[in-house]
Every structure is written in C-alpha cells, then in structure tokens.
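Right, one structure below, let's go through it.
Order of the sequence lines sets the chain letters (A, B, ...), proteins ahead of strands, with each chain counted from 1. A quick note: this is a predicted structure, and the numbers were derived from the prediction, not measured.
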Protein chains: 2
Amino acid sequence: MARTAGSHSDITGPRVREAALRLFARGGYAAVSMRAIAAEVGVQAGALYNYTPDKQTLLFDLMEGHMTELLAAGVDDPALGAEARLQAFVAFHIRFHHARPDAVFIAYMELRNLSPENFARVEALRREYENGLESILREGVEAGIFRVADTKIATLAIIAMLTGVNTWFRAGGRLSIEEVTAQYWDMVRRAVS
Amino acid sequence: MARTAGSHSDITGPRVREAALRLFARGGYAAVSMRAIAAEVGVQAGALYNYTPDKQTLLFDLMEGHMTELLAAGVDDPALGAEARLQAFVAFHIRFHHARPDAVFIAYMELRNLSPENFARVEALRREYENGLESILREGVEAGIFRVADTKIATLAIIAMLTGVNTWFRAGGRLSIEEVTAQYWDMVRRAVS
DNA sequence: GTCTATACGCCGATAGAC
DNA sequence: GTCTATCGGCGTATAGAC
C-alpha cells in the first residue's frame with residue numbers, strides 16, 4: 001500500500017504506547033507529560049495526537065489492553081480437577097505478571113486517574129478475571145477437596161498475595177521465579193485445604 | 001503563651017497534614033497542587049510554607065509519620081507462643097490498616113515520588129516492620145509449630161495478602177471487619193502449618 | 001504524518017506588606 | 001502567620017504549513 005513520505009503510522013503507534021507504558025510506570029500518569037512521551041518516541045508533542053485523542057485515552061488503552069491480554073491468556077481447563085486447576089492458575093498468574101511488570105504496575109496504581117466510564121470498564125475486566133479463580137475454588141469446595149469459608153474472600157486474598165510477588169521479586173536474586181512459584185503454590189494449597 | 005493576632009500555628013499545621021493526606025490519597029501526589037491543599041485548609045498557598053519547606057517534605061512527613069505510628073503500635077509479645085503471636089499480628093495489621101486507609105494508600109502508592117534519600121528512610125521502616133513478622137515465623141519454625149520453606153517469602157506473601165483487604169473492604173458490606181479478620185487468620189494459619 | 005508555533009492556564013515557590 | 005502579587009516555567013491541546 002502506497003504511503004505518503006514521512007508516514008509511519010504503523011510503527012509510531014506501538015512506539016507511543018510502549019513509551020507511555022514505560023514512563024507512566026516509572027513516574028506516574030500525572031507526572032509524565034505528553035512532551036516527555038514524545039521525546040521518548042523521538043517526535044514532537046503534537047504528533048502524538050495522531051495516535052490518541054488525548055492523554056486519558058492513552059492511559060485507558062494501555063490498561064484495557066493489559067486486562068484483555070490477561071483474560072485471553074488464561075490457561076484454565078475445566079476438565080481438570082480443582083487442585084490441578086488452582087495450581088495452574090497460581091503458576092500462570094505469577095508468570096504472566098512477572099513478564100510485564102510495567103503494565104501490572106499501571107493497572108494497579110493508575111485506576112484513580114481513569115475517568116469514571118473508563119474505570120468502570122477496567123473494573124469489569126478485573127472482576128471477570130477474579131471470577132475465573134473463584135469458580136475454581138467453588139468447584140473444589142463442592143467436590144470436598146478445598147475447605148474455604150468464603151470463596152470471594154479467598155479469591156481476593158490469593159490474588160493479592162500472588163500479585164505481591166511483583167513488588168519484591170528481582171531476577172538474579174536468591175531465588176528463581178520457578179522456586180518462588182513453587183513456594184507460593186505450597187502456601188496457597190495449604191491455605192485452602 | 002501570648003500570640004500575635006492571626007497566629008494559628010498549633011492548629012493550622014495539623015490541618016495542613018490532614019488536608020494533604022486526604023487529597024494525596026484521592027488524587028495522587030503529582031496531581032494535587034499546593035493551591036488545592038491551601039484551599040482545603042482555608043488559607044492561601046503561600047501560608048503553607050510556614051509548615052513545610054516544600055511539597056516533597058510534606059509527602060515524606062506523612063509517610064514517615066505513618067510508618068512510625070505503625071511500628072510504635074505493634075502488639076507483639078515475645079512471651080507468647082508463635083501461633084498466638086502470629087494471630088495477634090494478623091488481627092493488628094488488618095485493624096491498624098483498616099483504620100487509616102488514606103495513609104496506607106499513600107504509603108504504598110507514592111513511594112516513587114519520594115526523593116532517593118527519603119525513599120531509603122521509608123523503606124528502612126518498612127523493612128523493620130517486615131522483620132517483626134519474620135521473627136514470629138522463624139520462632140514458629142524452630143519450635144516445630146510452623147512449616148515454612150522460606151520465612152522471608154512467607155512474610156512478604158502474608159503482608160501482601162493482609163494489606164489487600166484495604167483495596168476491597170467497605171464497612172456496611174456483607175461481612176464485618178471482625179469476620180474478615182477471622183477468615184484471613186484461618187488462611188494464614190493453614191498456609192504456615 | 002510530522003513539524004513549528006502558540007493559546008491559555010496552572011505549577012511550585014518567593015517577596016514584602018500588614 | 002497570613003495575605004497579595006508575582007516570577008519563570010511547564011502543562012495539554014490545537015492550528016496551519018509542509
């Protein structure tokens with residue numbers, strides 16, 4: 001397809017999102033200017049508005065994209081037993097979040113900078129993800145494999161615990177991500193058994 | 001003690017910190033202006049500088065004050081057994097954090113807005129708090145009461161799980177904070193037993 | 001699609017009167 | 001201790017040339 005000279009829409013768009021993701025994660029949405037994002041990409045500030053109508057939409061697109069990816073990448077197999085499903089969930093959650101620390105950070109820290117409408121849409125996606133875990137716990141309880149007083153609370157407790165890995169784990173430290181995953185699985189398994 | 005007319009140092013100072021705490025928690029440090037804080041207090045922006053040398057120090061004082069309170073309020077009694085100490089820690093952590101959601105929110109979300117020196121000081125206080133929990137877990141492991149592969153990881157996992165209560169718990173909901181505490185204690189106890 | 005230039009406003013912080 | 005006034009700078013977003 002013919003293109004006007006100087007046209008880079010197909011490559012600049014992703015680069016804008018990557019730069020915004022990195023800078024928002026490092027400095028926070030409110031503290032990062034459109035000029036700073038443009039400088040990171042290597043264009044002038046005005047050019048960004050070819051790729052997003054405004055800064056708010058740029059933030060929302062990053063968060064919605066992250067949550068959509070998270071839901072699409074889910075590994076749950078209802079044909080397995082509840083314990084195997086739970087173990088797969090723990091491993092998946094840690095691995096997925098470990099692979100994209102910037103997006104995870106933004107998804108948790110910048111919720112308050114979303115407009116009410118955008119906040120509601122992101123929250124709906126988060127609830128959908130939580131429901132996936134809760135259905136596993138509920139199946140385990142019904143099968144008599146798990147003992148959990150309240151599956152909703154256990155869901156939130158487990159997700160908070162697992163996501164917390166991102167706040168302290170650094171590659172090259174005392175433990176590998178696989179060892180950490182094994183230990184978290186051990187704690188989760190015992191907490192619901 | 002005689003005072004100049006218009007002098008309100010003893011009352012305005014706390015009100016500045018309260019307003020900053022509330023506004024930082026709601027909108028984020030970077031998005032809240034000194035003018036907005038002044039308006040909340042009912043003074044002009046310039047008057048704030050009688051109570052803090054700059055905005056950064058105001059943030060630091062809030063975070064350091066919160067962490068110092070947290071450490072001073074600790075209820076640990078080494079004379080008790082490890083399980084009783086752990087149960088007391090869980091109840092204390094949930095109660096203390098539940099009582100000051102704004103300070104907790106700021107302490108977690110605004111770390112990146114601290115200068116490197118201030119960040120190091122707040123982090124040292126946080127590590128001190130974590131060490132309190134880890135010593136409980138270590139005693140329990142040595143006494144053969146707890147079974148934990150790595151006390152440092154278990155410490156971080158438990159704190160993340162407990163602090164997570166603040167992100168979803170709302171008074172007047174389905175469960176009271178006491179019922180929630182009982183369920184978290186049940187999960188923590190089993191995770192380390 | 002990107003550039004330069006700019007409109008318009010708020011930012012943190014300070015000076016000096018009262 | 002608080003006020004008013006102000007400095008110099010940076011914020012988002014847009015207009016119009018190329």
Side-chain angles (χ1 to χ4, degrees), chain A residues 1-24 26-63 106 110 112-115 117-118, chain B residues 1-24 26-63 106 110 112-115 117-118:
Chain A
M1 206 184 317
R3 275 204 176 276
T4 308
S7 167
H8 301 289
S9 162
D10 51 346
I11 172 112
T12 306
R15 291 189 61 214
V16 168
R17 284 188 291 278
E18 286 157 20
L21 188 76
R22 184 165 49 247
L23 293 180
F24 287 167
R26 182 177 312 260
Y29 171 78
V32 173
S33 69
M34 294 297 268
R35 287 192 232 274
I37 298 169
E40 184 91 351
V41 174
V43 298
Q44 294 300 313
L48 297 181
Y49 293 87
N50 289 315
Y51 303 97
T52 181
D54 50 38
K55 194 185 173 191
Q56 161 71 204
T57 304
L58 181 53
L59 173 64
F60 171 69
D61 286 345
L62 292 175
M63 295 179 69
I106 289 172
E110 305 296 357
R112 64 180 165 195
N113 286 309
L114 291 173
S115 68
E117 301 77 22
N118 289 344
Chain B
M1 211 188 308
R3 275 205 177 277
T4 307
S7 166
H8 300 290
S9 162
D10 51 345
I11 172 114
T12 307
R15 291 188 61 215
V16 168
R17 284 189 290 277
E18 285 158 21
L21 187 77
R22 184 166 49 247
L23 293 179
F24 286 167
R26 183 178 310 261
Y29 171 79
V32 173
S33 67
M34 293 298 269
R35 284 174 172 83
I37 297 169
E40 184 90 351
V41 174
V43 298
Q44 294 300 314
L48 296 181
Y49 292 87
N50 289 314
Y51 303 97
T52 182
D54 50 39
K55 193 184 174 191
Q56 161 72 203
T57 304
L58 181 53
L59 174 63
F60 172 68
D61 286 344
L62 292 175
M63 295 178 69
I106 289 172
E110 304 297 355
R112 63 181 165 196
N113 286 310
L114 290 173
S115 68
E117 302 78 21
N118 288 343

Measure the distance from NZ on A:Lys55 to P on D:dT14 and round it to the nearest whole Å. 15 Å

Within residues 26-34 of chain A, find the residues that approach DNA chain C with a heavy atom at under 4.0 Å, and present them sorted by residue number. none

With A:Asn118, which residues qualify under side chain to side chain contact (heavy atoms under 4.5 Å, CB included), at least two apart? A:Gln56, A:Phe60, A:Leu114, A:Ser115, A:Arg121

Nearest whole angstrom, please: distance from the C1' of D:dT12 to the CG of A:Leu59. 15 Å

Which atom names give the shortest non-hydrogen contact between A:Arg26 and B:Arg112, and what distance separates them? O-CD, 3.7 Å

Indicate every side-chain donor-acceptor pair of residues 33-49 of chain B with a distance under 3.5 Å to a residue at least two apart or in another chain.
| unit_1 | atom_1 | unit_2 | atom_2 | d |
| --- | --- | --- | --- | --- |
| B:Ser33 | OG | B:Ala36 | N | 3.0 |
| B:Glu40 | OE2 | B:Arg22 | NE | 2.9 |
| B:Glu40 | OE2 | B:Arg22 | NH2 | 3.1 |

Show the nearest heavy-atom pair for residues B:Ala31 and B:Gly27, with the distance to one decimal. CB-O, 3.3 Å

Side-chain N,O (A:Thr12) to OP1/OP2 (C:dG1) below 4.0 Å: no

Hey, which sits more toward the 5' end of DNA chain D by its nearest nucleotide, A:Gly46 or A:Ala36? A:Ala36

Nearest-neighbour nucleotide for the A:Asp54 side chain, C:dT2, D:dA13, D:dC3 considered: D:dA13

In whole angstrom, what separates A:Leu48's CG from D:dT14's C1'? 13 Å

If I take atom CG from residue B:Leu21 and atom CG from residue B:Asp61, how far apart are they, to the nearest 0.5 angstrom? 12.0 Å

Which nucleotide in the set D:dT2, C:dT2, D:dT12 lies at the smallest distance from any side-chain heavy atom of A:Asn50? C:dT2

Between C:dG1 and A:Tyr51, is there an OP1 or OP2 to side-chain N/O distance shorter than 4.0 Å? no

Could you grab the distance from atom CD1 of B:Ile106 to atom CE of B:Met63, nearest 0.5 Å is fine? 8.0 Å

Where the side chain of A:Gln44 is concerned, which of C:dA13, C:dC3, D:dT2 is the nearest nucleotide? C:dC3

Closest nucleotide among D:dT2, C:dA13, D:dT14 to the A:Tyr49 side chain: D:dT14

If you only use heavy atoms from C-beta on, which nucleotide in C:dT4, C:dG12, C:dT6 is closest to the side chain of A:Arg35? C:dT6

